[in-house]
Peer 1: 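Here it is: the structure, laid out below.
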Amino acid sequence: MTMAKIRTVLGDVRPEDIGFTYTHEHLISRPPKWKVDQDPDLELPDKEKAIEELGYFYAAGGRCLVEGTAIDYGRDPEALREIATHVPVHVVATTGFNKGAYYPDWVKKMSVDEVTELLVEEITNGIGGTGVRAGQIKIGSSYNVITPEEEKITRAAARAQKITGAPIWVHTESGTMGLEQLDLLEAEGADLSKVAVGHSDRNPDPHYHLEILRRGAYVQFDCVSKVKYHPESVTIELIKNVLGHGYGDRLLVSGDMGRRSYLRAYGGGPGFEHIITKFVKRLLDEDFCSEIISKIFIENPARWLQF
Ligand SMILES: [Zn+2]
């Protein structure tokens, strides 16, 4: 039995050493051209700015960041490695794909087995000859539907997880199809205790969250600060629901600040320090205890990410 590790762009780290963690963020993203033409705010091409922003996270007390940019969204493993050499934060890179709308033609032509092979290769040997290894597998679905192409990636992710033990992160569109994704993963024999259902707070329905938790998966709230969706008071009620039902060890919280307008380094806000300096402070003010904070941001991420 090999020792449990968390796989970062600079090598493997012991789970007990990762510290305060954001489990879904973006440092470098280059979405498909048609998407950037529609919405240039989504493109995060600048290494220097990523280093600056990650520096704010570190200064606030952040120590590990899962970079959720997938293959079809312009992931840049070499840039991530370089960024991680400039700031003492553990950076976890992603293999896998976002959602069908972004898939390149070459992945549409691949079989489940071929996708499985690609995911396993990127986790065990590295991404395209860079030597940078991925530490999580990303899958995704569309609004209220899992397309056949998305189902193929989900099945491949489950198979790759069985081979490698790596954690899986699920993109849900506006918090839909999380349960159906878990059904597919389970049918392929995935370990749901290594699966996190992302964007779950985009669907602020306490019942939906409990259904995910009853399956043994992690529920992730990653739109903290995005008041355009709902105020943070809603997120706090959602957290209370999870804790009140005894699932405090299955909750992840992050910011998913994948837009220039969210990042201070690009002239936006509130930036990477927001959750630590403002949101955690508010949780403490609202009588959440420090043990719960360390569960959400240290122990749960360490348990989910290790393999
Ligand atoms: Zn994201």
Side-chain angles (χ1 to χ4, degrees), residues 9 21-32 35-36 38-46 49-50 53-54 57 62 64-77 79-80 83 89 91-103 134-143 150 153-154 157 167-178 181 195-203 217-230 235 251-266 268-272 274-275 279 297 301 304-305:
V9 296
T21 301
Y22 284 174
T23 42
H24 184 79
E25 298 295 338
H26 298 275
L27 293 169
I28 300 285
S29 299
R30 294 185 185 89
K35 188 68 186 175
V36 176
Q38 253 174 31
D39 194 349
D41 195 34
L42 290 169
E43 190 183 31
L44 305 175
D46 194 316
K49 286 184 167 55
E53 193 71 39
L54 196 60
F57 174 62
C64 176
L65 182 136
V66 181
E67 214 282 351
T69 304
I71 297 170
D72 54 339
Y73 207 66
R75 181 195 57 182
D76 188 338
L80 296 184
I83 292 162
V89 167
V91 174
V92 176
T94 299
T95 186
F97 299 87
N98 195 313
K99 57 186 174 188
Y102 298 144
Y103 294 172
Q136 72 156 353
I137 305 167
K138 180 165 177 169
I139 61 171
S141 42
S142 303
Y143 184 55
E150 289 162 348
I153 304 297
T154 296
I168 293 175
W169 187 87
V170 185
H171 164 90
T172 64
E173 193 74 10
S174 302
T176 63
M177 307 311 283
Q181 287 278 31
V195 176
V197 181
H199 309 328
S200 289
D201 50 341
R202 287 295 308 281
N203 181 359
Y218 288 83
V219 76
Q220 188 188 50
F221 300 153
D222 52 26
C223 66
V224 176
S225 91
K226 296 179 184 172
V227 178
K228 64 184 179 184
Y229 300 132
H230 52 65
T235 314
L251 175 62
L252 303 169
V253 173
S254 198
D256 189 17
M257 295 199 186
R259 287 181 173 276
R260 298 177 188 209
S261 56
Y262 295 147
L263 300 171
R264 276 180 59 201
Y266 283 92
F272 276 177
H274 172 81
I275 289 179
F279 188 69
F297 293 101
W304 169 59
L305 286 168

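Atoms within a ligand are numbered from 1 in the order they appear, just like the ligands themselves. Worth saying up front: this structure is predicted, and the values here are computed from it rather than measured.
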Peer 1: Flag the pair Glu43 and Arg260 as a salt bridge only when some basic side-chain nitrogen lies within less than 4.0 angstrom of an acidic carboxylate oxygen.
Peer 2: yes

Peer 1: Check whether any side-chain heavy atom of Thr95 sits under 4.5 Å from a side-chain heavy atom of Lys138, and report yes or no.
Peer 2: no

Peer 1: May I have all residue pairs that pass salt bridge (charged side-chain N to carboxylate O under 4.0 Å, His left out) and include part of residues 91-100, sequence neighbours excluded?
Peer 2: Lys99-Glu173

Peer 1: Under 2.8 Å from the Zn ion (ligand 1), which protein N, O or S atoms are there? Could you list them by chain and number?
Peer 2: His24 NE2, His26 NE2, Asp256 OD1

Peer 1: Roughly how far apart are Asp76 CG and Leu27 CG, rounded to 0.5 Å?
Peer 2: 10.5 Å

Peer 1: If we only count heavy atoms from C-beta on, is the Leu54 to Leu65 side-chain gap below 4.5 Å?
Peer 2: yes

Peer 1: Parallel, tilted or perpendicular, judged at 30° and 60°: which one describes the rings of Phe57 and Tyr22?
Peer 2: tilted

